Amino acid sequence: LRPYMVHLLILRAMCCNIYLTMGKYANWKKIILILTCLALLAGCGSADNDASKVRLAEVGRLSFQLPESFQDSSTKGLFLSKNYPEDMSNIYVYEEEAYADFDLTMRDGQDEFITNLQDAYQVQYGEKPEITVLAYEQCPIAGRNAYKIELSYSLRESDYYQLEYVIDAEDTYYIAFTQIGEIDYGSEFASCLDSLHIAMKDKETNQ
């Protein structure tokens with residue numbers, strides 16, 4: 001198997017474990033597990049080079065304009081650098097049912113998230129990076145309550161920068177921007193956030 005396939009299989013197993021154990025964990029534990037999966041996702045999937053693809057990225061009711069430097073992939077919600085696999089920077093979006101007590105859930109989860117992420121890298125790569133938390137704060141986005149998580153660390157001789165948002169809408173949305181290496185995607189990530197929109201659910205159909 002190619003490395004990205006091994007990585008993807010591990011993550012799918014982790015996500016299956018999330019669903020199997022959801023009944024056993026409090027809300028904050030579920031969110032931490034999902035965030036850990038998103039943070040680990042860098043490099044999974046394969047590029048989809050269909051030039052006819054629209055430049056609007058959509059997952060559930062969340063949408064944003066996909067920057068020209070990123071492309072669709074074979075994995076739902078995953079958008080890879082156009083220089084993949086040489087550049088494994090990516091954008092990933094995940095949708096989950098809404099959580100009660102969102103603010104309490106997020107406020108108390110920082111230390112556990114970082115510990116879980118370090119442990120997951122230790123298991124997968126035999127290396128536990130020192131993670132610098134640049135931000136972990138409430139930060140409304142697209143008119144919705146949200147938390148911003150900003151991280152940097154070095155792993156396998158590469159520098160990682162990750163910007164994640166957990167958005168409290170009628171459903172909960174996770175969006176993770178991962179920059180690996182020297183190319184600065186700050187402006188591209190900002191343009192995604194500027195164009196981000198979450199449609200309201202239809203009250204009659206609940207969709």
Side-chain angles (χ1 to χ4, degrees), residues 11 14-15 17-18 21-22 25-44 59-60 62 64 77-79 88-125 127-156 158-181 184-196 198:
L11 281 165
M14 290 179 67
C15 289
N17 184 62
I18 289 171
T21 58
M22 273 188 173
Y25 290 97
N27 285 340
W28 63 270
K29 190 70 172 182
K30 299 175 195 175
I31 289 179
I32 290 165
L33 287 170
I34 293 171
L35 285 171
T36 302
C37 283
L38 294 190
L40 280 167
L41 192 62
C44 291
V59 175
L62 182 148
F64 58 87
L78 175 64
F79 306 94
M88 295 199 299
S89 300
N90 64 84
I91 301 168
Y92 190 72
V93 185
Y94 181 79
E95 180 185 25
E96 175 62 19
E97 290 184 2
Y99 294 104
D101 302 321
F102 177 83
D103 288 321
L104 179 61
T105 296
M106 290 303 304
R107 187 175 66 240
D108 294 341
Q110 176 178 345
D111 292 341
E112 187 76 8
F113 167 52
I114 298 302
T115 298
N116 279 11
L117 183 56
Q118 288 177 319
D119 290 346
Y121 274 130
Q122 179 68 51
V123 170
Q124 188 169 346
Y125 299 118
E127 184 177 344
K128 183 179 286 190
E130 290 294 326
I131 297 175
T132 299
V133 180
L134 303 172
Y136 189 104
E137 61 193 10
Q138 192 172 21
C139 182
I141 185 170
R144 307 301 183 103
N145 188 23
Y147 265 74
K148 171 185 175 181
I149 303 167
E150 192 174 8
L151 310 170
S152 67
Y153 51 92
S154 295
L155 181 72
R156 298 177 295 162
S158 294
D159 293 328
Y160 284 62
Y161 168 78
Q162 291 181 319
L163 177 62
E164 302 187 13
Y165 285 83
V166 187
I167 305 170
D168 183 25
E170 286 82 358
D171 295 305
T172 299
Y173 288 92
Y174 305 80
I175 181 167
F177 303 94
T178 302
Q179 174 183 302
I180 306 174
D184 185 359
Y185 288 110
S187 60
E188 285 89 342
F189 294 165
S191 71
C192 292
L193 295 170
D194 288 342
S195 65
L196 191 145
I198 302 175

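Values reported hereafter were calculated over all heavy atoms of this structure, with side chains retained and with hydrogens, waters and symmetry mates removed. Note that the structure is a prediction, hence the values are computed from the model and not measured.
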Which atom of [X] lies closest to which atom of [Y], heavy atoms considered:
X      : Y      : answer
Ile175 : Phe64  : CD1-CE2, 3.8 Å
Glu130 : Tyr153 : O-CB, 3.4 Å
Asp171 : Glu97  : OD1-CA, 4.1 Å

Which residues share a side chain to side chain donor-acceptor pair (under 3.5 Å) with [X], sequence neighbours left out:
X      : value
Gln138 : Asp103, Asn145
Tyr185 : Ser81, Asp87
Ser154 : Asp159
Gln118 : none

Can you tell me how far apart [atom1] ([X]) and [atom2] ([Y]) are? Round to the nearest 0.5 Å.
X      : Y      : atom1 : atom2 : value
Met106 : Tyr136 : CE    : OH    : 3.5 Å
Glu150 : Leu163 : CD    : CG    : 5.5 Å
Tyr94  : Thr172 : OH    : OG1   : 10.5 Å
Tyr160 : Ser152 : OH    : OG    : 13.0 Å
Tyr174 : Glu95  : OH    : CD    : 11.0 Å
Phe79  : Asn90  : CZ    : CG    : 10.5 Å

Next on the checklist: My understanding is that only residues two or more places apart in sequence, or in another chain, count here; which of them pass salt bridge (Lys or Arg N to Asp or Glu O under 4.0 Å) with Glu170?
Outcome noted: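 Listed in chain order: Arg61, Arg144.
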Taking side chain as C-beta onward, heavy atoms only, is [X] less than 4.5 Å from [Y]?
X      : Y      : value
Thr132 : Leu134 : yes
Ile167 : Leu62  : yes
Lys148 : Ile141 : no
Tyr161 : Asp184 : no
Tyr165 : Leu196 : no

Name all residues meeting the side chain to side chain contact (heavy atoms under 4.5 Å, CB included) criterion together with [X]; count only those two or more places apart in sequence or in a different chain, and write none if there are none.
X      : result
Gln122 : Lys128
Ser191 : Pro67
Ala190 : none
Thr115 : Asp119

Item to check | Results of ring pair (Phe, Tyr, Trp, His ring centres under 6.0 Å) for Phe177 - residues two or more places apart only | outcome: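 With neighbours one apart ignored, the set is Phe189.
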Item to check | Ile180 backbone acceptor or donor facing Ser89 side chain under 3.5 Å | outcome: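 Indeed, once roles are kept as given, a pair shorter than 3.5 Å links the two residues.
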